[in-house]
There are 2 protein chains.
Amino acid sequence: MSVQERKERERAERERLIVATAREIAEQQGWDAVTTRRLAERIEYSQPVLYSHFRGKREIIGAVAVQGAAEIAVAVRAATAGATGPRERVSALARAYLDFAARNPAVYDALFQLDGGLAFAQEDTPESLKDAFAALLESLGEVAGEGVDTGLFTELFWASLHGLATLTRAGRLPPQDIEPRVELLVDRLAVL
Amino acid sequence: MSVQERKERERAERERLIVATAREIAEQQGWDAVTTRRLAERIEYSQPVLYSHFRGKREIIGAVAVQGAAEIAVAVRAATAGATGPRERVSALARAYLDFAARNPAVYDALFQLDGGLAFAQEDTPESLKDAFAALLESLGEVAGEGVDTGLFTELFWASLHGLATLTRAGRLPPQDIEPRVELLVDRLAVL
DNA sequence: CTCGATTGTCTAGCGGTGCTAGGATCGAGA
DNA sequence: TCTCGATCCTAGCACCGCTAGACAATCGAG
């Protein structure tokens with residue numbers, strides 16, 4: 001038994017290594033640089049080993065995305081916990097979200113830009129994704145306003161943040177003026 | 001002279017054919033299916049011909065994007081022209097924008113999701129991109145509210161629309177409830 | 001009208017990609 | 001010690017974006 005358990009541990013450890021390495025390469029050199037060959041060489045195994053853990057590259061991206069979602073949830077909750085009052089909470093939430101996207105572009109891409117083969121807003125959506133949305137909902141729900149569905153409001157607010165995050169990073173929006181844009185967003189969307 | 005002119009005409013015509021075909025394949029089977037080989041075969045020329053018109057695949061994507069931007073500008077202006085009053089104009093604008101993204105997903109991807117090698121919000125930004133932003137600014141500027149920079153407001157509104165467009169199409173947001181989300185966005189962001 | 005130069009296009013191929021079939025190796029249990 | 005199944009690697013497939021170099025067609029000068 002113990003032998004088998006050890007093997008399972010080692011296997012799980014190797015899987016973590018694959019995901020961490022993929023993320024590392026992506027963060028350093030972009031997702032284009034994450035090829036199965038390079039990834040295999042970095043973890044010091046041959047290519048086919050990757051396919052004994054994941055169906056393909058998509059699933060590896062998906063694994064990074066799931067990890068990232070959990071981290072976003074943590075970051076958002078940490079930011080909102082330290083804020084006093086709805087206004088500050090929502091503002092802190094927005095900042096934390098955009099900050100995460102800016103600091104972890106590869107992870108953010110894995111979540112929303114690339115095809116990680118993940119289901120969203122469905123039955124089989126990974127837990128961490130649902131939880132990330134829940135983290136947003138916790139603080140945004142209280143500023144949705146009268147008669148407005150909190151889920152709908154959260155989706156809209158989230159979409160706005162997502163738009164700012166992607167357009168800014170892709171160079172579609174001038175990178176200065178991030179602050180006033182966030183302030184304007186919070187002031188207008190949130191009902192205080 | 002006339003011979004040379006004819007050749008130039010034919011060359012320009014072929015270039016249009018390349019862009020149109022790339023767009024067609026992308027719209028039918030996704031951008032992944034737009035390979036230089038397939039594209040060359042469709043236009044009944046060999047691969048290297050593509051490279052006598054464009055530096056590479058990126059530039060072809062960029063050409064589709066530029067075309068798409070011009071169409072967005074037209075669609076937005078057409079929608080806002082037929083609306084009476086600021087509220088209806090902004091609402092129509094939002095609908096037209098999201099409608100374009102939904103109906104032309106490949107073109108929208110070329111503009112904002114893929115790397116078409118285009119400059120945004122800079123000196124050498126293609127005219128049609130600047131004009132598309134101008135089209136948004138025309139209607140959104142009048143509802144920015146007191147003391148708010150119209151450019152900044154337009155950027156924010158645009159980012160929100162972009163977020164809704166991408167998240168909806170990527171399956172990140174439930175596709176129903178588009179209407180109420182748009183209504184909420186207009187009601188909250190625009191100062192009427 | 002001929003002949004070199006230029007222009008245009010194609011064939012063939014380079015180095016890379018994601019992914020997989022099939023053989024070698026190794027370790028656990030009899 | 002031997003057998004056999006799990007594990008891993010070598011080698012290779014079909015495809016990718018892109019390009020060098022051969023070839024044919026066209027043009028202008030003598």
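In what follows, chains carry the letters A, B, and so on, assigned in the order in which the sequence lines appear, proteins first and then strands, with residues in each chain numbered from 1.
Note: OH (A:Y45) to C1' (D:dC8) measures 9 Å, nearest angstrom. Atoms OH (B:Y51) and P (C:dT7) sit 23 Å apart, rounded to a whole Å. In this structure, CG of A:L39 is placed 12 Å from C1' of C:dG18, rounded to the nearest angstrom. As rounded to whole Å, 15 Å separates atom C1' of C:dG18 from atom CH2 of A:W31. With rounding to whole Å, B:E10 atom CD is found 11 Å from C:dG8 atom P. Rounding to whole angstrom units, CZ of residue B:R11 and P of C:dG8 are separated by 7 Å.
Of the candidates C:dT9, C:dG18, D:dC16, the closest approach to any side-chain atom of A:T36 belongs to C:dG18.
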Collect all protein-nucleotide pairs involving nucleotides 12-15 of chain C in which both atoms are nitrogen or oxygen and the distance is under 3.5 Å.
none

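The residue A:R38 sits close only to the backbone: its heavy atoms come under 4.0 Å of sugar-phosphate atoms, none of a base.
The pair A:R23-A:E71 meets the salt-bridge criterion, since a charged nitrogen lies less than 4.0 angstrom from a carboxylate oxygen. A:E13 and A:R16 are joined by a salt bridge, as a carboxylate oxygen and a charged side-chain nitrogen come within less than 4.0 angstrom of each other.
For CD of A:E44, the number of neighbouring non-hydrogen atoms (other residues, nucleotides, ligands) closer than 6.0 Å is 12 at most.
Contact check, B:R14 against C:dG8: no side-chain N or O comes under 4.0 Å of OP1 or OP2.
The distance between the ring centers of B:F157 and B:H162 does not fall below 6.0 angstrom.
Checked against salt bridge (Lys or Arg N to Asp or Glu O under 4.0 Å), B:R87 has the following partners two or more places apart in sequence or in another chain: B:E183, B:D187.
In this structure, A:R169 is not positioned above the aromatic face of A:Y108 in the sense of NZ or CZ being under 6.0 Å from the six-membered ring centre and within 45° of the axis.
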